[in-house]
2 protein chains.
Amino acid sequence: MAIGTLGHALLGLLAQRECTGYELTRTFDESLAHVWPTKHSQIYPELAKLQAAGLIRQSGSGARGSKTYAATAEGLEEVRRWMRDTIPSESVRTERMLRVFFLWLLPPNEASTYLREIGGRHRERLARYEAIAAIIPSDDPEDRMGRIAIEAGIRYESAMADWASWAVEEIAKSAS
Amino acid sequence: MAIGTLGHALLGLLAQRECTGYELTRTFDESLAHVWPTKHSQIYPELAKLQAAGLIRQSGSGARGSKTYAATAEGLEEVRRWMRDTIPSESVRTERMLRVFFLWLLPPNEASTYLREIGGRHRERLARYEAIAAIIPSDDPEDRMGRIAIEAGIRYESAMADWASWAVEEIAKSAS
DNA sequence: GCCTCCATGTAATTGGTTACATGATTCT
DNA sequence: AGAATCATGTAACCAATTACATGGAGGC
């Protein structure tokens, strides 16, 4: 019963503060899902597995049958070991970028529409990330790692938005 | 027997030119795997499915029992429909970026090591992509879409390499 | 009373990875 | 003769998505 990437991500969140399965699900939806999409139907069974392995424990229970989990000492050790001693998978999976390889199948105007649309989505997310970055106090060392993570998002979205605009112009050039 | 993203990607490649399963596997390994990782053990069964659906046909056979496949008219239509009429999944999956959310678990010097290592990998790939871009003739409209795809890779790797360097400096600042 | 959000789970299916298995051809 | 590369496939397992299923609590 080996524990995978999702398990380690849950451990990482629970290392910060105790949470219910529902809260973990929302944290994924709001931030981690941008790099590691997950559904509640995967989170609940995974929590059961982590508990069975002694890496988390149920630290309380609240209204509507909610259960709060916390990382155990072994859990903390495990997530640190994962961060230090294991090599992250190189792989990135993005259908949006995959499709770029097949844009030649479309007439130039439709390819441009596709690129403009994805540029728009990147700009949207860029604005959201910048808004989040703006409210992180820049002098608090506690938040520094959070700021570093959001900066990755900002630079990624910004680079892709610029690329999309550039690509639209490239296509316009060749059409003339 | 619905056809998924991998099936459409294979159709897209076969729309360009006929290929054997082995050649498709290599094309994935060399370029498409950066955005859609796949193994030969998934490609061969998928080709059988596409053939059964009439979207590709076996167009020949060569040495060592190799089989060459080509997209049929229906296959071409299907991949164009996919590009035009379906919305790509928003999701991106990258363990490397997931781990950035948990860098606070490590002491600053180990977090810096992680960031320097991923920065190095991004610079490596950037160099490879730039080398590929350099040999694409910039005036050939046939290659323009390929150039646009590689430019996305260049900008992505470049942005992430810069981000990693910036992050290392941020950590150094807070340590002092 | 109804709607929304909170809250947890299971079942069925599809997608993806790792391991197993085999054999031909070419290069050294 | 042995190693590397070409070439195709299957089986077992694990990960992920979609659909099913249920119920409490609070607001309107």
Side-chain angles (χ1 to χ4, degrees), chain A residues 1-10 18-30 32-53 56 58-69 82 86-95 98, chain B residues 1-10 18-30 32-53 56 58-69 82 86-95 98:
Chain A
M1 221 214 277
I3 112 152
T5 305
L6 173 63
H8 286 108
L10 292 171
E18 50 176 47
C19 286
T20 65
Y22 189 79
E23 287 171 325
L24 292 165
T25 302
R26 279 197 325 175
T27 302
F28 265 92
D29 284 350
E30 287 162 16
L32 295 190
H34 295 298
V35 292
W36 201 264
T38 313
K39 308 281 143 85
H40 80 274
S41 56
Q42 206 182 356
I43 288 173
Y44 288 110
E46 191 68 29
L47 287 171
K49 260 176 63 176
L50 291 170
Q51 191 178 19
I56 63 173
Q58 194 185 323
S59 60
S61 54
R64 274 153 286 174
S66 73
K67 299 176 191 172
T68 308
Y69 294 95
W82 174 66
T86 68
I87 296 159
S89 156
E90 215 51 35
S91 88
V92 176
R93 197 180 285 278
T94 149
E95 190 185 330
L98 174 68
Chain B
M1 222 214 280
I3 113 151
T5 305
L6 173 62
H8 287 108
L10 292 171
E18 51 176 47
C19 287
T20 65
Y22 189 78
E23 287 171 324
L24 292 165
T25 302
R26 279 198 326 176
T27 303
F28 265 92
D29 284 349
E30 286 162 17
L32 295 190
H34 295 299
V35 293
W36 202 265
T38 313
K39 309 282 144 85
H40 79 275
S41 57
Q42 206 181 356
I43 289 173
Y44 288 110
E46 192 67 29
L47 287 170
K49 261 176 61 176
L50 291 170
Q51 191 178 20
I56 63 173
Q58 194 185 324
S59 61
S61 55
R64 273 154 287 175
S66 73
K67 300 175 191 173
T68 308
Y69 294 95
W82 174 67
T86 68
I87 295 160
S89 156
E90 215 50 34
S91 88
V92 176
R93 197 179 285 278
T94 149
E95 191 186 330
L98 173 67

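Every chain is numbered from 1 and lettered A, B, ... according to where its sequence line falls, protein lines coming before strand lines.
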Identify the pairs formed between an N or O of the protein and an N or O of nucleotides 14-16 of chain C at a distance under 3.5 Å, and give each distance.
unit_1 : atom_1 : unit_2 : atom_2 : d
C/dG16 : OP1    : A/R93  : NH1    : 3.1
C/dG16 : OP2    : B/Q42  : NE2    : 2.8
C/dG16 : O3'    : A/R93  : NH2    : 3.2

Do A/V92 and B/V35 have side-chain heavy atoms sitting under 4.5 Å apart?
no

Between A/R93 and B/P37, is any pair of side-chain heavy atoms under 4.5 Å apart?
yes

Without decimals, in angstroms, what is the distance between A/E23 CD and C/dC5 P?
17 Å

Between B/Y22 and D/dT8, is there a side-chain N or O to OP1/OP2 distance below 4.0 Å?
no

Measure the CG-OG1 distance between A/L32 and A/T38 for me, rounded to the nearest 0.5 Å.
8.0 Å

What I'd like to find out is whether the side chain of B/L24 reaches to under 4.5 Å of the side chain of B/L47, using heavy atoms alone.
yes

To the nearest Å, how far apart are A/L10 CG and C/dT8 P?
13 Å

note: B/R64, atom CZ; C/dA24, atom P; distance rounded to Å ~ 11 Å

Nearest to side-chain heavy atoms of B/S41, which nucleotide of D/dA7, D/dA19, C/dT18
C/dT18

Between A/K39 and D/dT18, does any side-chain N or O lie under 4.0 Å from OP1 or OP2?
yes

Using side-chain heavy atoms (C-beta onward) and a distance below 4.5 Å, is A/Q42 in contact with A/L6?
yes

A/D29 atom CG is separated from D/dA16 atom P, nearest whole Å, by 15 Å

B/R26 has an atom CZ; how far is it from atom P of D/dA7, in whole Å?
7 Å

Between B/G65 and B/S91, who's closer to the 5' end of DNA chain D by nearest nucleotide?
B/G65

How close or far is atom P of D/dG9 from atom CG of B/L47, stated in whole angstroms?
8 Å

Taking atom C1' of D/dT10 as reference, at what distance in whole Å does atom CD1 of B/I43 sit?
15 Å

Once you round it to whole Å, what is the distance between P of D/dT17 and OH of A/Y44?
17 Å

Between A/E18 and A/S59: side-chain donor-acceptor atoms closer than 3.5 Å
yes

Roughly how far, to the nearest 0.5 Å, is the CZ atom of A/F28 from the NE2 atom of A/H34?
12.5 Å

